[in-house]
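What follows is a structure written as structure tokens; I'll ask about it next.
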Amino acid sequence: PLLVYLHGLTGDERNWSQQGRLAESMDSLAAAYPNRAPGSPGDVSLAGYVSAQLLHTGGFSVQTQAFSADTTSGRQTLENVVATRPGLASGTIVVVSHRDAVGHSEADLSGTAVLLALAQGLSSETLSRSVTLVSTSGQIGTAGAAQLAHRLSGQPVDAVILLGDLASSTVRNPVVV
């Protein structure tokens, strides 16, 4: 499968992220969930919000997958929110974003805001391949991503797209593996 990591935006996308709906969504999420250490009440609450938004969007089946992992605050119970919308053909494209943060990092919410906007955009589309949107916890140490990789093992995955800090002022080329 193809793996793509996106971090930072360029040109018109950056203007949209700083002045448009993405910035409003990030601000709203940051105000509602300022403390999102992995496994904390804020992280768990945001997981519930993401799950509810993905269910409300329509067309997605949503699961919450709980697991234990070592974090910067010791061993914690973490949750991945996994939403899948079936496509017409076999194969799946997986889009992943972490929602937790150590400290008060609004920029870390850019991937979550994009993930939710992507769900909205895909909700009325006919998809050739299935799309799985995943909100992970445990970004430091990659616990959520590792748990997701374990669960996806053996499934027909065509590509994985990781949404990093898309609001960063530091633009990096996508990493494609």
Side-chain angles (χ1 to χ4, degrees), residues 3-9 17-18 21-58 60-85 93-123 131-153 157 160-170 172:
L3 173 67
V4 180
Y5 174 70
L6 301 176
H7 179 93
L9 297 172
S17 74
Q18 290 177 347
R21 288 177 283 158
L22 178 58
E24 290 172 13
S25 179
M26 285 172 42
D27 290 345
S28 174
L29 290 171
Y33 308 98
N35 300 308
R36 300 177 319 281
S40 70
D43 180 37
V44 172
S45 292
L46 182 52
Y49 174 81
V50 169
S51 180
Q53 290 301 303
L54 292 169
L55 274 172
H56 177 72
T57 298
F60 287 91
S61 63
V62 180
Q63 296 179 326
T64 301
Q65 301 170 345
F67 59 98
S68 292
D70 292 323
T71 72
T72 55
S73 302
R75 192 129 185 104
Q76 298 286 332
T77 298
L78 306 178
E79 295 178 342
N80 283 348
V81 177
V82 181
T84 302
R85 189 156 186 274
I93 297 171
V94 180
V95 182
V96 182
S97 175
H98 68 84
R99 69 178 176 276
D100 61 324
V102 177
H104 301 283
S105 178
E106 182 177 323
D108 280 333
L109 290 168
S110 61
T112 298
V114 167
L115 194 78
L116 294 174
L118 182 59
Q120 283 285 325
L122 294 174
S123 66
V131 172
T132 298
L133 304 177
V134 185
S135 173
T136 66
S137 184
Q139 69 155 328
I140 306 294
T142 65
Q147 180 69 18
L148 174 65
H150 176 72
R151 294 211 179 222
L152 292 176
S153 179
V157 174
V160 177
I161 301 169
L162 301 172
L163 304 176
D165 176 3
L166 299 174
S168 174
S169 60
T170 304
R172 298 181 192 165

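Keep in mind that this is a model prediction, so the values were computed, not measured. Position 1 is the first residue of the sequence, and the numbers go up from there.
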Legend entry - Whether Asp100 side chain and Gln139 backbone form a donor-acceptor pair below 3.5 Å: yes
Inset, instruction - Look up atom CG in Leu55 and atom CD in Gln63, then write down how far apart they are to the nearest 0.5 Å. - result: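 So the gap between those two atoms works out to 11.0 Å.
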Inset, instruction - Can you measure from NE2 (His150) to CD (Gln65) and round to the nearest 0.5 angstrom? - result: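 With rounding to 0.5 Å, NE2 (His150) is 10.0 Å from CD (Gln65).
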Inset, instruction - Check each of His98, Arg36, Arg99, Gln76 against Asp43 using the side chain to side chain donor-acceptor pair (under 3.5 Å) test, and report the only one that passes. - result: Arg99
Inset, instruction - Search all heavy atoms of Tyr49 against all heavy atoms of Leu116 and return the closest pair with its distance. - result: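 Reported closest heavy-atom pair: CE2-CD1, 4.0 Å.
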Inset, instruction - With rounding to the nearest 0.5 Å, note down the distance linking CG in Leu148 to OG in Ser153. - result: 11.0 Å
Inset, instruction - Find the distance between CG (Asp27) and CG (Leu109) and round it off to the nearest 0.5 Å. - result: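 The distance works out to 9.5 Å.
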Inset, instruction - Write down the atom of Leu78, the atom of Ala69, and the distance for their closest heavy-atom approach. - result: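 Taking every non-hydrogen atom into account, CD1-CB, 3.8 Å.
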Inset, instruction - Quick one: pull up OG in Ser97 and CD1 in Ile161 and give me the separation to the nearest 0.5 Å. - result: 12.0 Å
Legend entry - Euclidean distance, Leu46 CG relative to Ser135 OG, rounded to 0.5 Å: 6.0 Å
Inset, instruction - Mark yes or no for whether Ser51, through its side chain, and Ala47, through its backbone, hold a donor-acceptor pair below 3.5 Å. - result: no
Legend entry - Any side-chain heavy-atom pair of Arg85 and Thr57 under 4.5 Å: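 They are not in side-chain contact.
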Legend entry - Minimum heavy-atom distance between Gly39 and Val44, given as atom pair plus value: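 Minimum heavy-atom contact is O-CG2, 4.0 Å.
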Inset, instruction - Please name the pair of heavy atoms, one in Ala37 and one in Ser40, separated by the smallest distance, quoted to 0.1 Å. - result: O-OG, 2.7 Å
Inset, instruction - Give the minimum heavy-atom separation between Leu115 and Val134, together with the two atoms involved. - result: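 Of all heavy-atom pairs spanning Leu115 and Val134, the closest is CD2-O, 3.8 Å.
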Legend entry - Evaluation steps, salt bridge (Lys or Arg N to Asp or Glu O under 4.0 Å), between Arg75 and Asp70: CA-CA 4 Å; Arg75 192 129 185 104; Asp70 292 323; 3.3 Å; yes
Legend entry - Min side-chain heavy-atom separation Glu79-Ser137 under 4.5 Å: no
Inset, instruction - Grab the two heavy atoms, one from Ala83 and one from Leu54, that are nearest each other, plus how far apart they are. - result: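 Looks like CB-CD1, 3.7 Å.
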Inset, instruction - Report yes if some heavy atom in the side chain of Thr112 is under 4.5 Å from a heavy atom in the side chain of Leu163; otherwise report no. - result: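 Side-chain contact under 4.5 Å: no.
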